[in-house]
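Only a predicted model underlies this, so the values are computations on that prediction, with no experimental measurement involved.
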Amino acid sequence: MLLDSNIIIYAAKPEHEDLRRLIAEKAPAVSSVSYVEVLGFHRLEEQERRHFEAFFGSARILPLSQPVLDEAVRLRQARKMSLGDALVASTALTHKLTLITRNVDDFLKVEGLSILNPFEKS
């Protein structure tokens, strides 16, 4: 499993204990893009920064390898997609991981990408 940036942010909120439990049980990886998106947020407060730094310090962060970059190029050529979403999707595809995200619509047209929205009730 690969966590999208929005899931990392939601899991930091007190009301999302279920997400923290999912993360603790599954120990999913994160893209290096999420590292930049979350820690690079310009309005991040000091307490939040410390929390996220601790999270990323214990997370398995997947790098932007050449295969990930090549897949992101292919995705962006195939359809309009933000750079961040293309890199996250290509990381999941390259490593054959399910992407955990609440922003399902951003990834629906990515062929072969397995998606899980933990906010959807089954």
Side-chain angles (χ1 to χ4, degrees):
M1 300 181 119
L2 182 77
L3 293 178
D4 195 7
S5 303
N6 63 78
I7 298 300
I8 297 167
I9 294 166
Y10 283 123
K13 298 179 188 261
E15 65 269 23
H16 294 297
E17 184 179 334
D18 53 333
L19 284 177
R20 290 189 297 281
R21 191 172 25 256
L22 173 73
I23 291 167
E25 289 171 2
K26 302 292 184 183
V30 297
S31 168
S32 54
V33 171
S34 292
Y35 178 90
V36 174
E37 286 180 335
V38 173
L39 287 174
F41 180 62
H42 67 284
R43 292 189 190 150
L44 201 61
E45 295 180 8
E46 183 61 24
Q47 181 180 356
E48 294 170 315
R49 183 188 60 73
R50 284 193 309 271
H51 168 82
F52 290 128
E53 284 177 346
F55 169 78
F56 285 113
S58 63
R60 182 171 60 118
I61 302 173
L62 300 176
L64 294 179
S65 63
Q66 193 61 52
V68 170
L69 295 173
D70 292 342
E71 182 65 19
V73 167
R74 188 191 69 73
L75 290 174
R76 285 181 50 97
Q77 288 175 340
R79 62 182 288 268
K80 185 177 179 179
M81 187 173 210
S82 76
L83 177 60
D85 287 349
L87 289 167
V88 168
S90 66
T91 300
L93 287 168
T94 300
H95 293 277
K96 297 176 178 38
L97 298 171
T98 298
L99 178 63
I100 304 173
T101 184
R102 191 172 193 179
N103 298 341
V104 172
D105 290 345
D106 294 344
F107 301 99
L108 278 179
K109 294 184 181 175
V110 177
E111 188 176 325
L113 180 63
S114 175
I115 303 170
L116 170 68
N117 179 354
F119 288 89
E120 270 185 5
K121 301 295 179 203
S122 13

For the [atom1] atom of [X] and the [atom2] atom of [Y], what is their distance to the nearest 0.5 Å?
X: S34; Y: L3; atom1: OG; atom2: CG; result: 7.5 Å
X: S90; Y: D70; atom1: OG; atom2: CG; result: 9.5 Å
X: L22; Y: M1; atom1: CG; atom2: CE; result: 5.5 Å
X: N103; Y: I7; atom1: CG; atom2: CD1; result: 8.0 Å
X: L93; Y: L113; atom1: CG; atom2: CG; result: 5.0 Å
X: I9; Y: H16; atom1: CD1; atom2: NE2; result: 11.5 Å

Of the non-hydrogen atoms in [X] and [Y], which two are nearest, and what is the gap between them?
X: A12; Y: H51; value: CB-NE2, 3.6 Å
X: L2; Y: S31; value: CD1-N, 3.5 Å
X: N117; Y: R102; value: OD1-CA, 3.8 Å
X: S32; Y: I61; value: CA-CG2, 3.7 Å
X: I115; Y: T101; value: CG2-CG2, 3.8 Å
X: V88; Y: D4; value: CG1-OD1, 4.0 Å

request  = Taking the side chain as every heavy atom from C-beta outward, state whether M81 and V110 have any pair of such atoms under 4.5 Å apart.
outcome  = yes
query = Would you say V104 and L116 make side-chain contact, with heavy atoms under 4.5 Å?
reply = no
task = Check each of I23, L39, V38 against F55 using the side chain to side chain contact (heavy atoms under 4.5 Å, CB included) test, and report the only one that passes.
result = I23
task = In sequence, state the C-alpha distance, the side-chain angles, and the governing distance for D18 and Y10, and then conclude on side-chain contact (heavy atoms from CB on, under 4.5 Å).
result = CA-CA 10 Å; D18 53 333; Y10 283 123; over 6 Å; no
task = Report the residues that fulfil ring-ring contact (aromatic ring centres under 6.0 Å, His included) with F56, sequence neighbours left out, ordered by chain and then residue number.
result = Y35
task = Only counting residues at least two apart or in another chain, list the ones meeting ring-ring contact (aromatic ring centres under 6.0 Å, His included) with F41.
result = none
ask   = Is a side-chain N or O of T94 found less than 3.5 angstrom from the main chain of T91, in a donor-acceptor match?
value = no
ask   = Distance-only, no hydrogens or angles: does the R20 side chain make a donor-acceptor pair with backbone N or O of K13 under 3.5 Å?
value = yes
request  = Using a strict cut-off of less than 4.0 Å between a Lys/Arg side-chain nitrogen and an Asp/Glu carboxylate oxygen, indicate whether R74 and E71 qualify as a salt bridge.
outcome  = yes
Residue pairs, two or more places apart or on separate chains, that pass side-chain hydrogen bond (donor to acceptor under 3.5 Å, both in side chains) and touch residues 77-87 = S82-D85
request  = May I ask you to check whether over 12 heavy atoms, not counting those of E45, lie within 6.0 Å of atom CD?
outcome  = no
